[in-house]
Amino acid sequence: MHEMSIAMAVVCQVEEAARAHGAEGVETVTLSVGELAGVVPDALRFSFSLACEGTVLAGAELVTEHVAGRARCESCGGEWATGVPPRLCCTRCGDSRTRLLSGRELGIATVRWAEGPQRARALEEL
Amino acid sequence: MCRVTDLQQAVMARNDDRAEHLRAELAAGGTATVNLLSSPGSGKTALLEAELALARERGVAVAALTADLATENDARRLARSGVPCKQVLTDGLCHLEADMLAGHLAGWLPGDTRLLFVENVGNLVCPASYDLGESLRVVLASVTEGEDKPLKYPTAFGTAQLVLVTKEDIAEAVGFDRDAFLTHVRQVNPGVEVAFTSARAQLGVGVLLERALAVADGAAAHRPVMDRRTAAHGHAHDDGHRHEHAHGHEHGHRDGPEHEHSHGHAHEHGPDQGLSHPHAPAHVRG
(Lines give C-alpha, C1' and ligand atoms only; values in the text may rest on other atoms or scores of the structure.)
Protein backbone atom coordinates (compact mmCIF):
# COMPACT_ATOMS: atom_id res chain seq x y z
CA MET A 1 0.00 0.00 0.00
CA HIS A 2 2.28 2.74 -1.29
CA GLU A 3 -0.73 4.93 -2.08
CA MET A 4 -0.11 6.82 1.17
CA SER A 5 3.42 7.72 0.01
CA ILE A 6 1.98 8.82 -3.32
CA ALA A 7 -0.79 10.84 -1.65
CA MET A 8 1.81 12.58 0.48
CA ALA A 9 3.86 13.42 -2.60
CA VAL A 10 0.76 14.89 -4.26
CA VAL A 11 -0.06 16.98 -1.19
CA CYS A 12 3.52 18.20 -0.98
CA GLN A 13 3.55 19.29 -4.63
CA VAL A 14 0.17 21.01 -4.40
CA GLU A 15 1.27 22.80 -1.22
CA GLU A 16 4.26 24.19 -3.12
CA ALA A 17 2.04 25.28 -5.97
CA ALA A 18 -0.41 26.89 -3.51
CA ARG A 19 2.40 28.96 -2.03
CA ALA A 20 3.50 30.00 -5.51
CA HIS A 21 -0.07 31.02 -6.42
CA GLY A 22 -0.93 32.57 -3.06
CA ALA A 23 -3.87 30.18 -2.71
CA GLU A 24 -5.54 29.69 0.65
CA GLY A 25 -7.53 26.60 -0.12
CA VAL A 26 -7.96 23.80 -2.64
CA GLU A 27 -11.26 22.59 -4.04
CA THR A 28 -10.13 19.75 -6.25
CA VAL A 29 -6.94 18.07 -7.37
CA THR A 30 -7.19 16.16 -10.63
CA LEU A 31 -4.75 13.32 -11.18
CA SER A 32 -4.07 11.44 -14.40
CA VAL A 33 -3.70 7.78 -13.48
CA GLY A 34 -2.57 5.37 -16.16
CA GLU A 35 -4.02 1.89 -15.96
CA LEU A 36 -0.44 0.54 -15.85
CA ALA A 37 0.78 2.99 -13.21
CA GLY A 38 0.47 0.41 -10.45
CA VAL A 39 -1.82 2.59 -8.36
CA VAL A 40 -5.29 1.81 -7.02
CA PRO A 41 -7.47 4.96 -7.33
CA ASP A 42 -9.74 4.01 -4.39
CA ALA A 43 -6.79 3.45 -2.07
CA LEU A 44 -5.32 6.70 -3.31
CA ARG A 45 -8.51 8.66 -2.55
CA PHE A 46 -8.61 7.26 0.97
CA SER A 47 -4.95 8.09 1.58
CA PHE A 48 -5.35 11.52 0.02
CA SER A 49 -8.07 12.57 2.47
CA LEU A 50 -5.80 11.63 5.36
CA ALA A 51 -2.71 13.27 3.85
CA CYS A 52 -4.60 16.55 3.33
CA GLU A 53 -5.42 16.99 7.02
CA GLY A 54 -3.73 20.00 8.56
CA THR A 55 -2.56 21.37 5.20
CA VAL A 56 -3.85 23.98 2.78
CA LEU A 57 -5.51 21.03 1.01
CA ALA A 58 -7.74 20.12 3.96
CA GLY A 59 -11.19 19.24 2.60
CA ALA A 60 -10.00 19.05 -1.01
CA GLU A 61 -11.51 16.48 -3.35
CA LEU A 62 -9.38 14.12 -5.41
CA VAL A 63 -10.53 13.42 -8.96
CA THR A 64 -8.75 10.72 -10.95
CA GLU A 65 -8.73 10.61 -14.73
CA HIS A 66 -8.18 7.14 -16.13
CA VAL A 67 -5.62 6.88 -18.92
CA ALA A 68 -5.84 3.71 -20.98
CA GLY A 69 -2.70 1.77 -21.85
CA ARG A 70 -1.80 1.87 -25.54
CA ALA A 71 1.21 0.44 -27.33
CA ARG A 72 2.68 0.59 -30.82
CA CYS A 73 4.77 -1.91 -32.72
CA GLU A 74 8.05 -0.53 -34.06
CA SER A 75 8.09 -3.26 -36.67
CA CYS A 76 4.64 -3.18 -38.30
CA GLY A 77 3.30 0.10 -36.90
CA GLY A 78 0.23 -1.54 -35.39
CA GLU A 79 -1.37 0.06 -32.37
CA TRP A 80 -3.50 -1.58 -29.70
CA ALA A 81 -5.01 -1.19 -26.24
CA THR A 82 -2.70 -3.06 -23.85
CA GLY A 83 -5.34 -4.05 -21.30
CA VAL A 84 -4.39 -5.25 -17.82
CA PRO A 85 -2.23 -7.28 -17.47
CA PRO A 86 -0.73 -5.56 -20.49
CA ARG A 87 -0.03 -7.31 -23.77
CA LEU A 88 3.22 -5.68 -24.80
CA CYS A 89 4.26 -7.90 -27.70
CA CYS A 90 2.67 -6.82 -30.96
CA THR A 91 -0.85 -8.21 -31.15
CA ARG A 92 -0.64 -8.23 -34.97
CA CYS A 93 2.84 -9.47 -35.93
CA GLY A 94 4.11 -10.76 -32.56
CA ASP A 95 7.25 -8.60 -32.60
CA SER A 96 8.78 -7.65 -29.27
CA ARG A 97 10.11 -4.27 -30.43
CA THR A 98 7.23 -2.25 -29.12
CA ARG A 99 6.73 0.88 -27.15
CA LEU A 100 4.17 2.16 -24.75
CA LEU A 101 2.28 5.25 -25.90
CA SER A 102 0.31 5.72 -22.69
CA GLY A 103 -0.72 3.98 -19.50
CA ARG A 104 2.12 4.68 -17.08
CA GLU A 105 0.95 8.21 -16.24
CA LEU A 106 0.76 9.29 -12.64
CA GLY A 107 0.60 13.04 -12.60
CA ILE A 108 -1.17 16.03 -11.19
CA ALA A 109 -3.13 17.46 -14.10
CA THR A 110 -4.94 20.44 -12.61
CA VAL A 111 -5.66 22.07 -9.29
CA ARG A 112 -8.79 24.12 -8.66
CA TRP A 113 -8.07 26.65 -5.95
CA ALA A 114 -10.70 27.73 -3.42
CA GLU A 115 -11.35 31.30 -2.30
CA GLY A 116 -10.46 30.51 1.30
CA PRO A 117 -9.60 27.47 3.38
CA GLN A 118 -11.84 24.68 2.08
CA ARG A 119 -12.40 23.08 5.47
CA ALA A 120 -13.69 26.35 6.99
CA ARG A 121 -16.07 26.85 4.06
CA ALA A 122 -17.41 23.35 4.46
CA LEU A 123 -18.13 23.97 8.13
CA GLU A 124 -19.90 27.24 7.38
CA GLU A 125 -22.19 25.47 4.97
CA LEU A 126 -23.36 23.04 7.66
CA MET B 1 -14.86 32.44 -8.37
CA CYS B 2 -12.37 29.67 -8.65
CA ARG B 3 -9.03 29.58 -10.33
CA VAL B 4 -7.65 26.50 -12.00
CA THR B 5 -3.96 25.83 -12.48
CA ASP B 6 -2.74 23.44 -15.12
CA LEU B 7 0.02 21.89 -13.04
CA GLN B 8 1.06 18.87 -15.17
CA GLN B 9 3.56 17.50 -12.66
CA ALA B 10 4.60 13.89 -12.39
CA VAL B 11 3.87 12.62 -8.91
CA MET B 12 6.98 10.47 -8.82
CA ALA B 13 9.18 13.30 -10.10
CA ARG B 14 10.88 13.92 -6.78
CA ASN B 15 11.79 10.28 -6.24
CA ASP B 16 12.83 9.90 -9.88
CA ASP B 17 15.10 12.97 -9.70
CA ARG B 18 16.58 11.78 -6.44
CA ALA B 19 17.17 8.35 -7.95
CA GLU B 20 18.84 9.86 -11.01
CA HIS B 21 21.20 11.87 -8.80
CA LEU B 22 21.98 8.86 -6.65
CA ARG B 23 22.72 6.77 -9.74
CA ALA B 24 25.10 9.45 -10.99
CA GLU B 25 26.78 9.86 -7.60
CA LEU B 26 27.29 6.14 -7.23
CA ALA B 27 28.56 5.81 -10.81
CA ALA B 28 31.05 8.61 -10.20
CA GLY B 29 32.38 6.57 -7.29
CA GLY B 30 32.51 3.41 -9.40
CA THR B 31 29.49 1.72 -7.82
CA ALA B 32 26.55 0.13 -9.64
CA THR B 33 23.42 -0.75 -7.68
CA VAL B 34 21.27 -3.84 -8.12
CA ASN B 35 17.68 -3.57 -6.87
CA LEU B 36 16.22 -6.99 -6.00
CA LEU B 37 12.45 -7.32 -5.89
CA SER B 38 10.34 -10.35 -5.03
CA SER B 39 7.55 -11.69 -2.88
CA PRO B 40 8.36 -12.74 0.68
CA GLY B 41 9.83 -16.23 0.75
CA SER B 42 10.94 -16.38 -2.86
CA GLY B 43 14.55 -16.98 -1.93
CA LYS B 44 16.12 -13.54 -2.41
CA THR B 45 18.32 -13.89 0.63
CA ALA B 46 19.47 -17.43 -0.16
CA LEU B 47 20.44 -16.52 -3.71
CA LEU B 48 22.10 -13.32 -2.59
CA GLU B 49 24.10 -15.22 0.05
CA ALA B 50 25.47 -17.46 -2.70
CA GLU B 51 26.20 -14.53 -5.03
CA LEU B 52 27.96 -12.53 -2.31
CA ALA B 53 30.12 -15.51 -1.38
CA LEU B 54 31.04 -15.95 -5.03
CA ALA B 55 31.89 -12.26 -5.38
CA ARG B 56 34.16 -12.44 -2.36
CA GLU B 57 35.84 -15.54 -3.76
CA ARG B 58 36.49 -13.69 -7.02
CA GLY B 59 37.74 -10.57 -5.27
CA VAL B 60 34.86 -8.33 -6.41
CA ALA B 61 34.14 -5.59 -3.88
CA VAL B 62 30.43 -5.93 -3.12
CA ALA B 63 28.15 -4.74 -0.34
CA ALA B 64 24.55 -5.55 0.54
CA LEU B 65 21.73 -3.62 2.09
CA THR B 66 18.64 -5.52 3.05
CA ALA B 67 15.29 -3.96 3.91
CA ASP B 68 12.64 -5.63 6.01
CA LEU B 69 9.67 -4.56 8.04
CA ALA B 70 11.21 -6.24 11.07
CA THR B 71 14.09 -8.47 12.32
CA GLU B 72 17.76 -8.45 11.43
CA ASN B 73 17.76 -12.07 10.34
CA ASP B 74 18.54 -11.36 6.70
CA ALA B 75 21.55 -9.15 7.40
CA ARG B 76 22.90 -11.79 9.78
CA ARG B 77 22.61 -14.38 7.05
CA LEU B 78 24.19 -12.14 4.40
CA ALA B 79 27.00 -11.10 6.75
CA ARG B 80 28.18 -14.72 6.84
CA SER B 81 29.52 -14.19 3.33
CA GLY B 82 32.03 -11.77 4.84
CA VAL B 83 31.00 -8.71 2.82
CA PRO B 84 29.73 -5.44 4.34
CA CYS B 85 26.01 -5.76 5.05
CA LYS B 86 23.46 -3.41 6.48
CA GLN B 87 19.96 -4.10 7.72
CA VAL B 88 17.36 -1.41 7.20
CA LEU B 89 14.14 -1.76 9.17
CA THR B 90 11.41 0.20 7.48
CA ASP B 91 9.14 0.20 10.56
CA GLY B 92 6.20 -0.99 8.52
CA LEU B 93 6.76 0.95 5.30
CA CYS B 94 6.25 -1.43 2.39
CA HIS B 95 9.00 -0.17 0.10
CA LEU B 96 12.27 1.75 -0.10
CA GLU B 97 12.51 5.15 -1.76
CA ALA B 98 15.59 6.73 -3.34
CA ASP B 99 15.91 9.30 -0.60
CA MET B 100 15.80 6.66 2.13
CA LEU B 101 18.44 4.58 0.37
CA ALA B 102 20.72 7.60 -0.04
CA GLY B 103 20.38 8.31 3.69
CA HIS B 104 21.31 4.75 4.59
CA LEU B 105 24.32 4.66 2.28
CA ALA B 106 25.83 7.90 3.59
CA GLY B 107 28.75 7.15 5.84
CA TRP B 108 28.34 3.40 5.45
CA LEU B 109 28.98 2.33 1.87
CA PRO B 110 32.67 1.47 1.51
CA GLY B 111 34.29 3.74 -1.09
CA ASP B 112 35.68 0.91 -3.21
CA THR B 113 32.31 -0.86 -3.63
CA ARG B 114 31.87 -2.11 -7.19
CA LEU B 115 28.40 -3.57 -6.73
CA LEU B 116 25.80 -2.70 -4.15
CA PHE B 117 22.98 -5.22 -3.83
CA VAL B 118 19.78 -3.82 -2.37
CA GLU B 119 17.35 -6.46 -1.19
CA ASN B 120 14.10 -4.53 -1.26
CA VAL B 121 11.19 -5.20 1.10
CA GLY B 122 9.56 -8.53 0.16
CA ASN B 123 6.63 -7.19 -1.85
CA LEU B 124 5.95 -7.17 -5.57
CA VAL B 125 3.59 -4.21 -5.58
CA CYS B 126 4.94 -1.07 -3.96
CA PRO B 127 8.72 -1.36 -4.54
CA ALA B 128 8.02 -1.63 -8.27
CA SER B 129 6.99 2.03 -8.43
CA TYR B 130 10.19 3.40 -6.91
CA ASP B 131 13.42 3.86 -8.81
CA LEU B 132 16.24 3.58 -6.26
CA GLY B 133 18.98 4.77 -8.54
CA GLU B 134 19.76 1.20 -9.54
CA SER B 135 21.66 0.22 -12.66
CA LEU B 136 19.97 -3.17 -12.76
CA ARG B 137 16.49 -4.06 -11.56
CA VAL B 138 16.08 -7.75 -10.88
CA VAL B 139 12.79 -9.49 -10.11
CA LEU B 140 12.82 -12.96 -8.61
CA ALA B 141 10.08 -15.57 -8.54
CA SER B 142 10.30 -19.06 -7.12
CA VAL B 143 8.90 -22.06 -8.95
CA THR B 144 6.37 -22.52 -6.14
CA GLU B 145 4.71 -19.17 -6.80
CA GLY B 146 2.86 -20.11 -9.96
CA GLU B 147 3.44 -19.42 -13.62
CA ASP B 148 1.04 -16.48 -13.71
CA LYS B 149 3.02 -14.35 -11.26
CA PRO B 150 4.23 -12.00 -14.06
CA LEU B 151 0.59 -11.33 -15.04
CA LYS B 152 -0.52 -10.77 -11.46
CA TYR B 153 2.32 -8.31 -10.81
CA PRO B 154 2.87 -6.66 -14.19
CA THR B 155 4.51 -3.51 -12.82
CA ALA B 156 7.26 -5.49 -11.10
CA PHE B 157 7.85 -7.99 -13.90
CA GLY B 158 7.23 -5.38 -16.56
CA THR B 159 9.99 -3.11 -15.29
CA ALA B 160 12.55 -5.87 -14.60
CA GLN B 161 15.86 -5.81 -16.46
CA LEU B 162 16.58 -9.40 -15.44
CA VAL B 163 14.18 -12.06 -14.16
CA LEU B 164 15.52 -14.84 -11.97
CA VAL B 165 13.53 -17.97 -11.27
CA THR B 166 14.59 -19.48 -7.95
CA LYS B 167 14.28 -22.97 -6.37
CA GLU B 168 14.62 -24.54 -9.82
CA ASP B 169 15.76 -27.77 -8.12
CA ILE B 170 12.16 -28.45 -7.06
CA ALA B 171 10.53 -27.27 -10.30
CA GLU B 172 9.56 -30.77 -11.37
CA ALA B 173 8.20 -31.75 -7.97
CA VAL B 174 5.87 -28.73 -7.88
CA GLY B 175 4.91 -29.05 -11.54
CA PHE B 176 6.30 -25.68 -12.60
CA ASP B 177 5.35 -24.95 -16.22
CA ARG B 178 8.43 -23.22 -17.53
CA ASP B 179 7.01 -22.39 -20.96
CA ALA B 180 3.90 -20.79 -19.49
CA PHE B 181 6.04 -18.69 -17.16
CA LEU B 182 8.26 -17.54 -20.04
CA THR B 183 5.21 -16.68 -22.15
CA HIS B 184 3.80 -14.58 -19.32
CA VAL B 185 7.09 -12.77 -18.77
CA ARG B 186 7.32 -12.01 -22.48
CA GLN B 187 3.76 -10.65 -22.52
CA VAL B 188 4.58 -7.91 -19.99
CA ASN B 189 8.28 -7.49 -20.72
CA PRO B 190 9.36 -8.57 -24.22
CA GLY B 191 13.08 -9.17 -24.51
CA VAL B 192 13.98 -9.45 -20.85
CA GLU B 193 16.39 -12.23 -19.91
CA VAL B 194 15.05 -14.99 -17.65
CA ALA B 195 17.57 -17.18 -15.82
CA PHE B 196 16.82 -20.30 -13.78
CA THR B 197 18.60 -20.70 -10.48
CA SER B 198 18.77 -22.77 -7.33
CA ALA B 199 20.90 -21.59 -4.46
CA ARG B 200 20.61 -25.00 -2.83
CA ALA B 201 21.68 -26.93 -5.93
CA GLN B 202 24.17 -24.21 -6.90
CA LEU B 203 22.38 -23.91 -10.22
CA GLY B 204 22.70 -20.63 -12.07
CA VAL B 205 24.62 -19.09 -9.20
CA GLY B 206 26.86 -16.42 -10.68
CA VAL B 207 24.41 -15.23 -13.34
CA LEU B 208 23.34 -12.31 -11.16
CA LEU B 209 26.94 -11.36 -10.39
CA GLU B 210 27.95 -11.55 -14.05
CA ARG B 211 25.01 -9.49 -15.31
CA ALA B 212 25.58 -6.90 -12.61
CA LEU B 213 29.29 -6.65 -13.40
CA ALA B 214 28.55 -6.26 -17.10
CA VAL B 215 26.23 -3.33 -16.38
CA ALA B 216 28.79 -1.85 -13.97
CA ASP B 217 31.34 -2.06 -16.79
CA GLY B 218 29.07 -0.04 -19.05
CA ALA B 219 27.01 -2.66 -20.90
CA ALA B 220 23.51 -1.40 -21.67
CA ALA B 221 20.91 -3.11 -19.52
CA HIS B 222 17.63 -4.29 -21.00
CA ARG B 223 15.12 -1.47 -21.53
CA PRO B 224 11.65 -2.70 -20.54
CA VAL B 225 8.68 -1.40 -22.53
CA MET B 226 7.04 -0.43 -19.25
CA ASP B 227 10.03 1.57 -18.00
CA ARG B 228 8.57 5.00 -17.29
CA ARG B 229 11.55 6.71 -18.84
CA THR B 230 11.25 4.69 -22.04
CA ALA B 231 7.51 5.31 -22.13
CA ALA B 232 7.89 9.01 -21.40
CA HIS B 233 10.58 9.58 -24.01
CA GLY B 234 8.83 7.44 -26.54
CA HIS B 235 11.96 5.64 -27.68
CA ALA B 236 15.04 4.17 -26.10
CA HIS B 237 17.42 6.94 -27.11
CA ASP B 238 19.31 7.03 -23.87
CA ASP B 239 20.57 3.52 -23.28
CA GLY B 240 23.40 3.73 -20.85
CA HIS B 241 21.88 6.82 -19.32
CA ARG B 242 21.74 4.98 -16.05
CA HIS B 243 25.47 4.77 -15.57
CA GLU B 244 27.11 7.35 -17.76
CA HIS B 245 25.95 10.48 -16.06
CA ALA B 246 29.09 10.77 -14.01
CA HIS B 247 29.64 14.15 -12.51
CA GLY B 248 31.69 15.36 -9.64
CA HIS B 249 29.45 14.55 -6.69
CA GLU B 250 30.91 12.60 -3.83
CA HIS B 251 28.97 9.89 -2.09
CA GLY B 252 27.27 12.21 0.26
CA HIS B 253 24.32 12.44 2.52
CA ARG B 254 21.91 14.60 0.61
CA ASP B 255 19.10 14.62 3.09
CA GLY B 256 17.16 17.72 2.41
CA PRO B 257 14.48 19.33 4.51
CA GLU B 258 11.88 17.75 2.28
CA HIS B 259 11.88 14.38 4.04
CA GLU B 260 8.41 13.02 4.35
CA HIS B 261 9.09 9.57 5.66
CA SER B 262 10.69 8.15 8.67
CA HIS B 263 13.87 6.43 7.62
CA GLY B 264 13.21 3.64 10.01
CA HIS B 265 16.35 2.44 11.60
CA ALA B 266 19.35 0.59 10.43
CA HIS B 267 21.89 -1.85 11.70
CA GLU B 268 25.27 -2.56 10.28
CA HIS B 269 26.70 -6.00 10.06
CA GLY B 270 30.39 -5.95 9.39
CA PRO B 271 32.18 -8.87 7.81
CA ASP B 272 33.17 -10.10 11.26
CA GLN B 273 29.66 -10.19 12.64
CA GLY B 274 28.32 -13.61 11.95
CA LEU B 275 25.46 -15.44 13.55
CA SER B 276 27.54 -16.40 16.53
CA HIS B 277 28.32 -12.83 17.43
CA PRO B 278 26.98 -12.35 20.94
CA HIS B 279 26.50 -8.62 20.80
CA ALA B 280 23.88 -6.59 19.08
CA PRO B 281 25.34 -4.79 16.08
CA ALA B 282 25.94 -1.07 16.22
CA HIS B 283 22.74 0.84 16.09
CA VAL B 284 22.92 3.57 13.51
CA ARG B 285 20.23 5.99 12.63
CA GLY B 286 19.79 6.42 8.94
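Keep in mind it's a predicted model, so treat the numbers as computed, not measured. A, B, ... follow the sequence lines: proteins, then strands. Residue 1 opens every chain.
- Residues A:G22 and B:R3 come closest through the heavy atom pair O-NH2, 4.4 Å.
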Inset, instruction - For B:L93 and A:S5, run side-chain contact (heavy atoms from CB on, under 4.5 Å): C-alpha distance rounded to whole Å, both residues' side-chain angles, the deciding distance at 0.1 Å, then the answer. - result: CA-CA 9 Å; B:L93 190 66; A:S5 298; 4.1 Å; yes

Inset, instruction - Starting from the C-alpha separation in whole Å, work towards a yes-or-no answer on side-chain contact (heavy atoms from CB on, under 4.5 Å) for A:R104 and B:T155. - result: CA-CA 10 Å; A:R104 292 282 283 152; B:T155 316; 3.5 Å; yes

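- Using a 4.5 Å cut-off between heavy atoms, B:S129 contacts chain A through its side chain alone, with no backbone atom that close.
- Inter-residue side-chain proximity for B:P190 and A:T98 is flagged as met; some heavy-atom pair is nearer than 4.5 Å.
- To the nearest 0.5 Å, atom OG1 of residue A:T82 and atom CE of residue B:M226 are 8.0 Å apart.
- Residue contact with chain B, scored on non-hydrogen atoms closer than 4.5 Å, involves the backbone and the side chain of A:A23 alike.
- The two atoms that bring A:T110 and B:V4 nearest to each other are CB-CG1, 4.0 Å, heavy atoms only.
- Evaluation of the salt bridge (charged side-chain N to carboxylate O under 4.0 Å, His left out) test over residues 4-18 of chain A, restricted to residues two or more places apart or in two chains, returns A:E16-B:R14.
- Among all heavy-atom pairs drawn from B:Q187 and A:P85, the shortest one is NE2-O, 3.5 Å.
- Residues A:G94 and B:R186 approach most closely at O-NH2, 3.1 Å, considering heavy atoms.
- Across all non-hydrogen atoms, the minimal contact from A:I6 to B:M12 is CG1-SD, 4.2 Å.
- The NE2 atom of A:H21 sits 7.0 Å away from the CG atom of B:L7 when rounded to the nearest 0.5 Å.
- Once rounded to the nearest 0.5 Å, the distance linking CD1 of A:I108 with CG of B:D6 reads 11.5 Å.
- Taking both residues in full, the closest heavy atoms of B:V11 and A:Q13 are given as O-NE2, 3.2 Å, listed atom of the first, atom of the second, then distance.
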